[in-house]
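Naming: A, B, ... by sequence-line order, numbering from 1 per chain.
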Number of protein chains: 2
Amino acid sequence: MNDSGQSAGSSARSQRKDARRNQQTLLDAAAEVFVSSGVDAPVRDIAAKAGVGVGTIYRHFPTRADLVIAVYRHQVDACAEAGPALLASSPTPHAALGRWVDLFVDFLVTKHGLATALQGDSTCFGPLHTYFLDRLLPVCTELLEAAAASGEIRSDLDAYAFMRGIGNLCVGADSDPRYDARRLVALLVAGLRQPQ
Amino acid sequence: MNDSGQSAGSSARSQRKDARRNQQTLLDAAAEVFVSSGVDAPVRDIAAKAGVGVGTIYRHFPTRADLVIAVYRHQVDACAEAGPALLASSPTPHAALGRWVDLFVDFLVTKHGLATALQGDSTCFGPLHTYFLDRLLPVCTELLEAAAASGEIRSDLDAYAFMRGIGNLCVGADSDPRYDARRLVALLVAGLRQPQ
DNA sequence: GCACGATACGGAACACGGTTCCGTTTTACA
DNA sequence: TGTAAAACGGAACCGTGTTCCGTATCGTGC
């Protein structure tokens with residue numbers, strides 16, 4: 001359940017040694033390139049960095065999005081797992097929600113272009129969108145419902161819409177010093193508070 | 001000041017008749033295609049619809065973004081002009097702000113893909129971003145300042161960040177029935193209210 | 001009415017992105 | 001060591017925005 005990050009294809013066993021090595025090389029190269037050039041760096045650049053042909057990338061990761069998912073899987077998982085933990089350790093559900101949102105926003109803002117990719121026209125990054133949703137939506141729902149149950153926030157907001165809103169607010173947060181996504185998300189969360 | 005929508009190049013005078021005719025044809029075709037296929041429709045489709053070559057598009061509109069600007073210029077202007085009017089006719093500055101934001105959001109959500117284009121990686125749609133900002137930022141600033149002066153909202157939010165936030169929230173609002181941008185923007189504006 | 005220069009046109013060609021395909025190389029097993 | 005399966009590399013393909021240049025059209029001076 002925590003295999004070191006292949007997104008598709010058979011698990012570690014049943015792969016040739018060189019294939020496994022290349023997969024890891026690719027993940028490392030992709031991570032580096034994503035940091036230096038952003039998540040939307042050309043596939044060819046990643047292949048070059050890893051010293052392999054583009055074909056090799058596509059054999060391991062059927063699509064760009066799958067590569068991105070594989071690179072960030074651990075962090076997404078960490079974010080998902082932080083939800084229940086925060087709920088247990090925070091004074092109120094609303095506090096837990098706030099902290100969890102901070103975690104998520106920090107994650108998105110830190111990776112250049114990730115937020116943008118996350119809602120890119122379904123054509124290319126659809127799988128990415130889907131993965132984030134699968135993993136994080138249940139957690140977010142739980143947090144929202146807990147905060148709603150405790151009467152701290154209004155209960156009429158879809159977790160899906162909420163998450164998309166947060167993701168959207170993070171778009172372009174890097175590469176624009178005048179735009180502080182964290183602040184706007186905080187405002188959004190503030191707007192969620194029950195009138196009384 | 002209200003010339004029917006050429007974005008660049010000399011004004012109506014000093015153009016050849018066929019050039020002027022083609023420009024109008026292009027604006028009409030683009031408007032149609034934007035409605036049916038979204039703002040990110042291929043340039044070639046627009047050229048085909050207008051019955052001209054792509055070269056003709058680029059002679060009239062140096063870049064895709066300029067064409068988009070030309071098509072929506074009137075509506076952006078209308079939105080800009082509505083600001084002061086609303087401020088004058090609304091019971092409070094905050095009410096005016098709310099109505100103006102509604103106007104802006106409706107505009108963005110209505111045009112498929114406009115919001116996405118608006119914050120697309122500066123490479124391609126930079127001019128579009130710039131035009132919207134030039135035109136609307138002053139208006140938005142005025143509204144925010146008025147509402148802040150009347151003590152209805154906090155005064156520490158940059159109008160630029162606010163506008164970008166709204167624009168971002170509108171990304172993908174079409175093409176996803178589960179995502180209601182208007183609602184999230186309303187939440188954001190609610191979060192702007194002064195604690196007391 | 002006609003010729004000719006300026007203006008505008010069309011669309012092939014280019015740059016650049018993701019993705020596919022297939023001949024070649026490497027691996028693993030007998 | 002021989003061989004079949006697995007994996008590799010990168011040229012080729014498709015769909016974008018944009019540029020370029022030979023050709024057609026306009027409009028003006030005669």
Taking atom [atom2] of [N] as reference, at what distance in whole Å does atom [atom1] of [X] sit?
X	N	atom1	atom2	answer
D40(A)	dC16(C)	CG	C1'	13 Å
Q23(B)	dC9(C)	CD	P	9 Å
R64(B)	dG15(D)	CZ	P	17 Å
I46(A)	dG10(D)	CD1	P	17 Å
I57(A)	dG9(D)	CD1	P	10 Å
F61(B)	dA8(C)	CZ	P	13 Å
L128(A)	dG18(C)	CG	C1'	15 Å

Looking at [X], I'd like to know whether one of its side-chain N or O atoms comes within less than 4.0 Å of OP1 or OP2 on [N].
X	N	value
H60(B)	dA8(C)	no
T63(B)	dG17(D)	no
T56(B)	dA8(C)	no

ask   = Given W100(A), which of S90(A), P84(A), C140(A) fulfils the side-chain contact (heavy atoms from CB on, under 4.5 Å) condition?
value = C140(A)
F162(A): which of L137(A), T141(A), V189(A) passes side-chain contact (heavy atoms from CB on, under 4.5 Å) = V189(A)
note = Heavy-atom contacts, protein to nucleotides 19-28 of chain D, under 4.0 Å, summarised as B (base), S (sugar-phosphate only) or - (none) per nt, yield B-----BSS-
ask   = Pick the nucleotide of DNA chain D nearest each of P42(B) and G51(A); which residue has the one closer to the 5' end?
value = G51(A)
ask   = Looking at R16(A), R21(A), R20(A), which hits salt bridge (Lys or Arg N to Asp or Glu O under 4.0 Å) with D18(A)?
value = R16(A)
query = Where does the angle between the aromatic ring planes of F132(B) and F104(B) fall among parallel (under 30°), tilted (30 to 60°) and perpendicular (over 60°)?
reply = tilted
[X] vs [Y] side-chain heavy atoms within contact, under 4.5 Å:
X	Y	answer
Q119(A)	R164(A)	yes
L187(A)	R154(B)	yes
Y72(B)	K111(B)	yes

task = Find which nucleotide of DNA chain C each of R44(B) and N22(B) is nearest to by heavy atoms, and output the residue with the more 5' nucleotide.
result = N22(B)
